[in-house]
Amino acid sequence: MELAVENLAVSRGGVPVLEGVSFTLTAGQVLILRGPNGSGKTTLLRCLAGLQPPLAGTVSMPPEAIAYGAHADGLKSTLSVAENLKFWANIYGTGEITRAMNDFNLTHLGARPATNLSAGQKRRLGLARLLVTGRPVWLLDEPTVALDQASVKMFADAVRAHVAGGGAALIATHIDLGLEAAIFDIGACRADPDSGAALVGAFDEAFE
Amino acid sequence: MELAVENLAVSRGGVPVLEGVSFTLTAGQVLILRGPNGSGKTTLLRCLAGLQPPLAGTVSMPPEAIAYGAHADGLKSTLSVAENLKFWANIYGTGEITRAMNDFNLTHLGARPATNLSAGQKRRLGLARLLVTGRPVWLLDEPTVALDQASVKMFADAVRAHVAGGGAALIATHIDLGLEAAIFDIGACRADPDSGAALVGAFDEAFE
Amino acid sequence: MPMSLWQYANPVKFMALSAKVLPWVTGLTVLTLVTGLIWGFFFTPGAVNFGTSVKIIYIHVPSAMMAINIWIMMLVTSLVWLIRRHHVSVLAAKSAALIGLTMTIIALITGMIWGQPMWGTYWAWDPRLTSFLVLFLFYLGYMALWAAVENPDTAADLTSVLCMVGSVFALLSRYAVNFWNQGLHQGASLSLDKEENVSDVYFQPLLLCLAGFVLLFVTLLLIRTRSEVRRRRVQALEMRERMADG
Amino acid sequence: MIALLIRDMRLSIRAGGGFGLGLAFFLIVTVLVPFGVGPDTAILTRIAPGILWIGALLACLLSLDRVFQLDFEDGTLDLLATAPMPMEGAVMVKALVHWLVTGLPLTLAAPLLATLLHLGAEGKFWLFVTLLIGTPALSMIGTFGAALTVGLKRGGLLLSLLVLPLYVPTLIFGAEAARRGSEGMAVTTPLLMLAGITAGAVALLPFASAAAIRINLR
Amino acid sequence: MIALLIRDMRLSIRAGGGFGLGLAFFLIVTVLVPFGVGPDTAILTRIAPGILWIGALLACLLSLDRVFQLDFEDGTLDLLATAPMPMEGAVMVKALVHWLVTGLPLTLAAPLLATLLHLGAEGKFWLFVTLLIGTPALSMIGTFGAALTVGLKRGGLLLSLLVLPLYVPTLIFGAEAARRGSEGMAVTTPLLMLAGITAGAVALLPFASAAAIRINLR
Amino acid sequence: MVELGKYAGAVMSAYGLSLLALALLTLVSWLQSRKTKAALDAAQARRDARKAE
Ligand code: HEM
Ligand SMILES: Nc1ncnc2c1ncn2[C@@H]1O[C@H](COP(=O)(O)OP(=O)(O)OP(=O)(O)O)[C@@H](O)[C@H]1O
Ligand SMILES: Nc1ncnc2c1ncn2[C@@H]1O[C@H](COP(=O)(O)OP(=O)(O)OP(=O)(O)O)[C@@H](O)[C@H]1O
Ligand SMILES: [Mg+2]
Ligand SMILES: [Mg+2]
């Protein structure tokens, strides 16, 4: 199992943002995605998750192997913590939520409606979703936002357990997670406005 | 100018969360609010900002002196960056936005609609709002969420300039901002369910 | 300490007192209501214009009066909550709503059933009927708002504000509807200052039924308010539990 | 898909949302009509089937913007799109839930409310039948409109604007059948057309809606 | 407060939201009525004032849930509540903007749309006048309902349920005055009542609405 | 039985429906009362247990 990205170019809102992105992520590996604000991390992850087509380049792995954790957690405020998680477990056909609840220290909050959680508790619930997808590759967009230090450690442990079990994770983050991980900086891949990917498939390709 | 909080008790969603909170914040000072997820930082800040009445205790300063920066930034996605900021400047009667735009490196984004910003850019815009309020005391709830390291530094500089000019700031955060600041940990102020704040003014006071 | 009515706004005192009076009120209710209805149903003659259908009056009129009076009671108790912050007061308003709604429905149903033989139609856009329909909507809205807001104190405040504003508009629509259509419905024949009151044969059992409905309201109100107080107390205890385990 | 069905039903009932309230809106529109046009019985009887159909249509319409919007705003739609479930299935479920919490209760309540507008027994029967056949089409078409406008802030009124013209044929055949029925005339043709629209909408629109959502997420 | 006014006007126009679309909804309701009740001129003329009033009322109603909801969701309302502006003022501005982007355009368009329903010149004039006097009350009352339900997920339909009974007197006096006017009868009493309701609503409801918002933010 | 004549249907259904509504209301109120009482007892017991710890 390997996620190989080759010479990828992606756009956001019609504007090419990245080009020439190439890296590989193999089973058992964690890759940290770095880059300043607005450099295109979210855009890249959305593309890999299959939410938007690339402008150019290839991705070796179908979106079916990927679990995507976005900026927003997709929680339903009127459903309880357990109901929220159970829903995703059923959608992904795994059905089992006890371990996820345990790993993210949510068990005692099980019956609480999601609206009554604090920011960090909501985030923990959003991350627990990853465990119930049962998918091998995790794409995470700033997963530790709003987490306190204990929770960050809890998250790092979950990632470690996941890759130890043959999974892989690609994590966009600005902070240090304390994981043994390779780092991929997309700062260097900024799309050049006057050439390359910016033109592929763009409206004005024919004008140049 | 001094924000003195004495023996404050606050509740969230009808549940007392903190009691016996006491601290003072004087001009020129930064106070960092620490506490694990769900300990009541947001609740305390909302109360100080005048959004909810305290259960007990006193706050020496009227909400009119306070600028509150919440988890959410209150941006209008169809307005441009400059328009968003200009609006708050007018509401607070200051009217001047150039410095704020400069300090948070937003000038080149001025005409961009807020919906087309990345997560960190949105946050920078939300923080720039503080500068246009012209108010002396800043209450900030995890201001650096989604910011990259350069932006965190930019924010720390802004705080430093603010307190140097006689302002003060109370900042709830989980990370290290690199500011010379006192630390106030609210972990110790958790409300006791069977006595104290839990009873003041609560419905079942009479039952105990 | 000066004794006053307000002390029963203390939930503990209220629970103690209501537990004592409840059996008596219940007994009295059953007695009055059963006598009144049996008297009215079995032992009154038919009337000139109405024939035997006049017997519907023993349910129709009391329920119609209660429907209005309960709303007024809710208005008063809501104001007490807004001004003096007595929880029992607003919980009583909450408990009364479903009773008021049932009374409104009963008045509407009996009226509609009566309308078919009397006016040849189940429904006419008569002022009294119409304003009852509006009242029905107000009850629904009030209850829906209670159900929709989670925090009990917030819900109490919001529903009280709605009750105040709603009362003003209910009055306005009553006037509007009057102006709009003269209507088919009977005038007020119960008023005491009128010469031509209904004859005693109908009047006495009707009074008894009226008393029965009032007592029924009091009984149900006590039962329901007690439930609400308990529910509120359970909520408070559950919150303590939540605090205890973070 | 059953998980989605259960969750959505739970959400609409839990929030005090869709269920009782779609009905309440229908009730209130029906009540407003006499306030607006006055209490004249003959006129009310005459316009009753049409007005009730329009009322049902508007009640459906009002609840449409919530079909996808909430899921979009909190990020669920992104996550659903990456989940192992065809988007077509999700759309079908959404439309089904919308019908269960609005179309069906409306249909059941319509005969009762018709009393307020002095509609006769036969009129009530045909009103019920036409709504039963027609409301699934309303939900399906509405879901398509909701899919087109998902992600647009203030999409609500734009949604109405897009959907209402699509509703016109359903309304015409439905109201016409109900009116003919209430006046004792033959109803076969409009009724068949109505059934045809519903069948067509259920068979084809899920694909269009799923495509629209995928495009909007991009 | 002027800053808020400008911003809200800009938002409603920019998003393609309130402005054109409230109007479009009104247009479509008016167009649907002949489809629903059939093309009989006498009947359409007779019910025109009432139907147009109901259409205007529904168009107002539909746009209500956005009065505060968007500001609540993105946190603006919290920030506004801590800003140096009385909440009563904010509420007034919100109601004013709502009227400017729905009530006023509706009023201006109503006489045109009345043509579709065969209303005569006098009827159009009185329709215009009554809407001009009555729609501010609709916006004000609606803002109160929106303030009560701000923060409730799926508050939209609950909002309709709360607001519609409050709209009843305005509708009755408005439609009655318009109908009397179109039939050449005296309109003074209902017109005065209508003006009274508007004046009362503008004078008193901002306080109730501001209180409701403060309670909801707590 | 009293003789109701041609109004029998109307009178009987009016009484029947109304009494049914009142009975339902009473039943609901009573059931709620029992339910809340049980819930309160349970909650109180849980709290006593917690306090005893
Ligand atoms: C849905 C239909 C109806 C509604 C909502 C309705 C409502 C009311 C109301 C509100 C009252 C006044 C109670 C009070 O004094 O406060 C009343 C009284 C009364 N109604 Fe009806 N009514 C309806 C239909 C009818 C019909 C069809 C009849 C018989 C022809 C009728 C006969 C009476 C009589 C005789 C009284 C007593 C009048 C008095 O003594 O004050 N009602 N009704
Ligand atoms: N919806 C959108 N439409 C158009 N442009 C957008 C949109 N969202 C983001 N952008 C722009 O696309 C670029 C890349 O944004 P992206 O969100 O991928 O950045 P990011 O690396 O995730 O940043 P952050 O660390 O702040 O989250 C930025 O310049 C941003 O301004
Ligand atoms: N809307 C709400 N209704 C009821 N309870 C709530 C609500 N929001 C938060 N809570 C609860 O109140 C407590 C304090 O929450 P608060 O948001 O103040 O925590 P916090 O310190 O800001 O946490 P975080 O670091 O995760 O943001 C938590 O136990 C939380 O579960
Ligand atoms: Mg990002
Ligand atoms: Mg917080």
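These numbers were taken from a predicted model, which means no experiment stands behind them. The analysis underlying the following values was restricted to heavy atoms, covering all of them including side chains, and did not include hydrogens, waters or symmetry mates.
Counting heavy-atom pairs under 4.5 Å between each of Leu148(E), Ile141(E), Thr170(E), Val168(E) and chain C puts Leu148(E) at the top. Annotation: maximal heavy-atom pairing with chain E below 4.5 Å, among Thr159(C), Leu133(C), Leu137(C), Leu158(C), occurs at Leu158(C). Contact tally against chain C (heavy-atom pairs below 4.5 Å) for Gly145(E), Ala208(E), Pro190(E): the top residue is Pro190(E). Most heavy-atom pairs under 4.5 Å with chain C, from the set Leu162(E), Leu166(E), Val163(E): that is Leu166(E). Looking only at heavy-atom pairs under 4.5 Å with chain E, the residue among Leu145(C), Val134(C), Asn151(C) that has the most is Leu145(C).
Heavy atoms only, all atoms of each residue included: Leu161(E) and Ala144(C) are closest at CD2-CB, 3.9 Å. Closest non-hydrogen pair, Ala176(C) versus Pro169(E), comes out as CB-CA, 4.3 Å.
Remark: Tyr167(E) OH to Ser173(C) OG distance equals 14.5 Å, nearest 0.5 Å. Put simply, CG on Leu140(C) and CG on Leu158(E) are 11.0 Å apart, with the number rounded to the nearest 0.5 Å.
Neither the backbone nor the side chain of Leu204(E) comes within less than 4.5 Å of any heavy atom of chain C. Within the 4.5 angstrom heavy-atom criterion, atoms from both the backbone and the side chain of Val149(C) approach chain E. The part of Phe144(E) that comes within reach of chain C is its side chain, from C-beta onward, which places non-hydrogen atoms under 4.5 angstrom from that chain. For Leu164(E), no part lies near chain C; criterion is any non-hydrogen pair under 4.5 Å. Residue Ala211(E): no heavy atom, backbone or side chain, is found under 4.5 Å from chain C. Interface remark: Arg180(E) contributes side-chain atoms only to the contact with chain C (heavy atom separation under 4.5 Å). Heavy atoms of Leu171(E) lying under 4.5 Å from chain C are absent altogether.
With respect to the salt-bridge test (charged N to carboxylate O, under 4.0 angstrom), the residues Arg218(E) and Asp157(C) qualify.
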Scan the side chains in residues 128-138 of chain E for donor-acceptor partners under 3.5 Å anywhere in the protein, sequence neighbours excluded, and list what turns up.
| from | atom 1 | to | atom 2 | distance (Å) |
| --- | --- | --- | --- | --- |
| Thr130(E) | OG1 | Trp53(E) | NE1 | 3.2 |
| Thr130(E) | OG1 | Trp126(E) | O | 2.9 |
| Thr130(E) | OG1 | Leu127(E) | O | 2.9 |
| Thr135(E) | OG1 | Trp99(E) | NE1 | 2.9 |
| Thr135(E) | OG1 | Leu131(E) | O | 2.6 |

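Of residues 212-220 of chain C, no residue lies under 4.5 Å from chain E by any heavy-atom pair.
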